[in-house]
Protein chains: 2
Amino acid sequence: MEARTTSGADVTNARVLDHPDCAEIRLEGVLHALSDPMRLTVVRELAAASGELSCSDFALPVTKSTTTHHFRVLRESGVIRQTYRGTAKMNALRRQDLETLFPGLLRSVLAADSAESGRAANGGRPASGP
Amino acid sequence: MEARTTSGADVTNARVLDHPDCAEIRLEGVLHALSDPMRLTVVRELAAASGELSCSDFALPVTKSTTTHHFRVLRESGVIRQTYRGTAKMNALRRQDLETLFPGLLRSVLAADSAESGRAANGGRPASGP
DNA sequence: ACCGTAGTACGGTGACTATCGTACGAAGCG
DNA sequence: CGCTTCGTACGATAGTCACCGTACTACGGT
């Protein structure tokens with residue numbers, strides 16, 4: 001009970017989310033965040049959108065609580081940045097930060113994910129004609 | 001009691017380890033395997049050695065049981081290949097397989113790890129003079 | 001044959017995690 | 001003001017995980 005947004009007094013805790021500083025981002029944390037199918041899906045779609053997406057723009061096959069959980073893991077590991085925008089919470093990849101910290105990593109992971117999807121659609125072969 | 005090595009009858013189960021086929025290797029599994037500091041250390045040293053290393057060549061700060069566990073995770077996720085050589089168990093990175101499946105991934109992760117170590121030795125700045 | 005070295009198997013434990021449901025808070029719209 | 005939509009908080013639960021210790025197997029040298 002330090003800052004009530006309802007009263008409109010101050011904006012100290014008014015929906016401000018805590019993000020790790022660049023120096024706080026750990027490789028293990030990022031890899032762990034990306035090692036979950038649900039979260040990798042989020043990152044994939046976020047990368048494809050190349051902009052901000054609200055949490056509800058993702059059609060994840062889990063409940064809202066679980067969705068919140070996954071987005072928090074992504075945010076706390078430094079993979080995404082979240083900001084409130086009205087009632088919605090927008091998500092954006094921290095592309096620049098990740099690129100500075102771990103050059104090429106995000107691109108490799110996304111390429112690997114896309115390559116794996118391609119193989120799954122195929123028959124499991126690394127590379128074969130259609 | 002299907003194949004006793006002591007009796008020298010057959011070699012069916014004689015220390016043959018099960019490795020995932022290339023088509024069985026999953027990105028999430030690889031990322032999960034790499035998201036543990038202990039296992040990332042193994043991969044790092046294995047990459048630096050550019051050859052085979054026995055399990056006991058690593059001075060991991062855990063017991064043998066735990067070491068076995070970590071090496072199994074790495075093997076079952078498709079990151080390393082293990083073969084028995086006398087009483088020792090040799091470990092080698094599956095560089096070629098990983099490169100074919102996920103081009104550039106291993107390199108990016110190793111580079112990221114090395115970059116992070118560099119920052120840790122520094123003060124947490126992404127890039128600054130000595 | 002014996003012993004040491006390398007690693008496994010098994011059983012256990014505490015911590016974390018992915019999931020859920022329900023209840024709640026915050027912003028916008030009528 | 002009420003209602004709806006979006007997301008959070010709080011348990012709760014079942015599963016996984018990293019770790020240990022002890023007992024065991026396998027290979028090689030003496």
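Each chain gets a letter, A, B and so on, in the order its sequence line appears, and its residues count up from 1.
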Sugar-phosphate, base or nothing in reach of B:S56, heavy atoms under 4.0 Å: sugar-phosphate
Think [X] has a side-chain N or O under 4.0 angstrom from the OP1 or OP2 of [N]?
{"X": "B:T66", "N": "D:dC20", "value": "yes"}
{"X": "B:T63", "N": "D:dC20", "value": "yes"}
{"X": "A:T68", "N": "D:dT8", "value": "yes"}
{"X": "A:Y84", "N": "D:dT8", "value": "yes"}

Is the backbone of [Y] close enough, under 3.5 Å, to the side chain of [X] for a donor and an acceptor to pair up by distance?
{"X": "B:D21", "Y": "B:E24", "answer": "no"}
{"X": "A:N91", "Y": "A:L53", "answer": "yes"}
{"X": "B:T67", "Y": "B:T63", "answer": "yes"}

Residue pair B:E52, B:R85: steps toward the salt bridge (Lys or Arg N to Asp or Glu O under 4.0 Å) verdict: CA-CA 11 Å; B:E52 290 186 324; B:R85 197 164 194 170; 2.9 Å; yes
Nucleotide [N], atom [atom2] - distance to [atom1] of [X] in whole Å:
{"X": "B:H69", "N": "D:dG21", "atom1": "NE2", "atom2": "P", "answer": "16 Å"}
{"X": "B:H70", "N": "D:dC19", "atom1": "NE2", "atom2": "C1'", "answer": "8 Å"}
{"X": "A:L74", "N": "C:dT17", "atom1": "CG", "atom2": "C1'", "answer": "14 Å"}
{"X": "A:K64", "N": "C:dG25", "atom1": "NZ", "atom2": "P", "answer": "14 Å"}

Donor-acceptor side-chain pairing of A:R81 and A:H19 below 3.5 angstrom: no
For B:L101 against A:A115, the heavy-atom pair lying closest together: O-CB, 3.9 Å
Atom of A:D113, atom of A:R44 and distance for their closest heavy-atom approach: OD2-NE, 2.5 Å
Closest listed nucleotide, where the reference is the side chain of B:C55 and the choices are C:dG7, D:dC20, D:dG28: C:dG7
A:V62 side chain, from C-beta outward: closest of D:dC6, D:dG7, C:dT19: C:dT19
Nucleic acid contacts of residues 27-40 of chain B, taken as heavy-atom distances under 4.0 Å to DNA chain D: B:H32, B:D36, B:M38, B:R39
